[in-house]
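Everything below concerns the one structure shown next.
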Amino acid sequence: MTTIDAAPAPGVHSTAHIVAVPDPRGGTALPVLRGRRALIPRHMRTAGPFARVVLTGSMRAPHGGDQLRLRAEVRTGAQLSLGTVGATLALPGTRGGTATSDVLLRVDDGAELHYLPEPLISAAHSDLETTTRVELAPEARLVLREVQILGRTNEPSGRLRTRLTVRLAGNPLLDQELAVGPGIPSWSGPAVLADYRMTGQLLIVSPEFTHQQPPPQLLPTDPGEEGDAALTPLAGPAVLVTAAAANHATLRRLLDRGHEVITA
């Protein structure tokens with residue numbers, strides 16, 4: 001019997017895998033650091049206990065049909081800062097179709113991860129689904145920031161669906177989903193983003209929040225700033241800042257303001 005393999009799905013398939021472990025000198029080593037095409041991790045030499053890795057590649061963006069997968073593991077005693085070399089631009093591609101991005105982050109007890117990618121821009125006519133899953137040990141530490149920009153200057157948003165799930169010691173800590181763009185009901189209405197076209201979230205998880213968390217609050221805005229942000233303590237050792245704004249500078253200031261309140 002002759003077996004005919006199914007034709008591969010259109011688009012680029014890229015996977016990156018990073019493992020961070022403590023080294024004998026008090027820093028962090030990277031015994032696994034591999035990726036290809038759209039996801040190439042680069043170790044940026046820095047002083048101090050953190051290892052810094054940025055993702056780059058020959059492609060600047062996920063196009064329609066692309067499938068991107070990132071896995072990062074931070075072992076006990078290691079500290080990793082993980083980001084991107086620039087903004088991620090979702091584009092429709094020549095063949096259309098839905099692009100997917102799947103991120104899985106695991107952090108052990110006594111380890112710390114800062115996941116700080118540059119903004120995700122949803123260009124007109126693009127279609128992207130992103131999933132970020134975080135699995136934390138009970139004594140793990142995490143700083144996570146994600147920013148979504150809906151359309152480039154003077155263009156409508158593409159279709160974007162994002163989901164962030166965080167589990168602490170195997171239990172749910174956060175499950176947050178956003179769906180915007182053509183075909184998504186009421187996404188630009190007052191219950192979701194209204195007139196804003198930029199949104200983001202900052203999540204900090206730390207064992208210290210087991211005993212004390214900042215109270216829930218709306219973050220102040222300066223005169224002329226078009227944006228809103230709220231700080232919310234979670235049912236666990238974590239605090240979430242959610243913001244929406246008319247421009248990127250205001251959004252970043254609101255998220256930075258939230259970080260200052262949390263760490264004060």
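Values below: every heavy atom of this structure, side chains too, minus hydrogens, waters and symmetry copies.
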Give, for atom [atom1] of [X] and atom [atom2] of [Y], the distance between the pair rounded to the nearest 0.5 Å.
{"X": "I40", "Y": "R34", "atom1": "CD1", "atom2": "CZ", "result": "14.5 Å"}
{"X": "T100", "Y": "R161", "atom1": "OG1", "atom2": "CZ", "result": "10.5 Å"}
{"X": "R52", "Y": "L116", "atom1": "CZ", "atom2": "CG", "result": "9.5 Å"}
{"X": "H13", "Y": "R36", "atom1": "NE2", "atom2": "CZ", "result": "10.0 Å"}
{"X": "L178", "Y": "L160", "atom1": "CG", "atom2": "CG", "result": "6.5 Å"}
{"X": "L91", "Y": "D127", "atom1": "CG", "atom2": "CG", "result": "12.5 Å"}

Would you confirm whether [X], through its side chain, and [Y], through its main-chain N or O, come within 3.5 Å as a donor-acceptor pair?
{"X": "T250", "Y": "N247", "result": "no"}
{"X": "W187", "Y": "A179", "result": "no"}
{"X": "E129", "Y": "A99", "result": "no"}
{"X": "Q67", "Y": "S101", "result": "no"}
{"X": "E226", "Y": "A246", "result": "no"}
{"X": "S122", "Y": "G158", "result": "yes"}

Residue pair D109 / E139: nearest heavy atoms and the distance that separates them: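 It is OD1-N, 2.6 Å.
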
Closest approach of L251 to G200 (non-hydrogen atoms, all atoms of both residues):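 The answer is CD1-N, 3.9 Å.
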
Side-chain heavy atoms of [X] within contact of [Y], under 4.5 Å:
{"X": "R145", "Y": "R252", "result": "yes"}
{"X": "D102", "Y": "L68", "result": "no"}
{"X": "V241", "Y": "I262", "result": "yes"}
{"X": "L105", "Y": "L113", "result": "yes"}
{"X": "L82", "Y": "I18", "result": "yes"}
{"X": "T28", "Y": "V21", "result": "no"}
{"X": "H63", "Y": "V12", "result": "no"}
{"X": "L150", "Y": "Y196", "result": "no"}

Distance-only polar pair, side chains of H17 and E73, donor-acceptor under 3.5 Å: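 On atom types as modelled, these side chains qualify, holding a pair under 3.5 Å.
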
Distance-only donor-acceptor check, side chains E146 and T132, under 3.5 Å: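 Yes, T132 and E146 have a side-chain donor paired with an acceptor closer than 3.5 Å.
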
Within 6.0 angstrom of R133 CZ, more than 12 heavy atoms from elsewhere: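 Yes, enclosed.
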
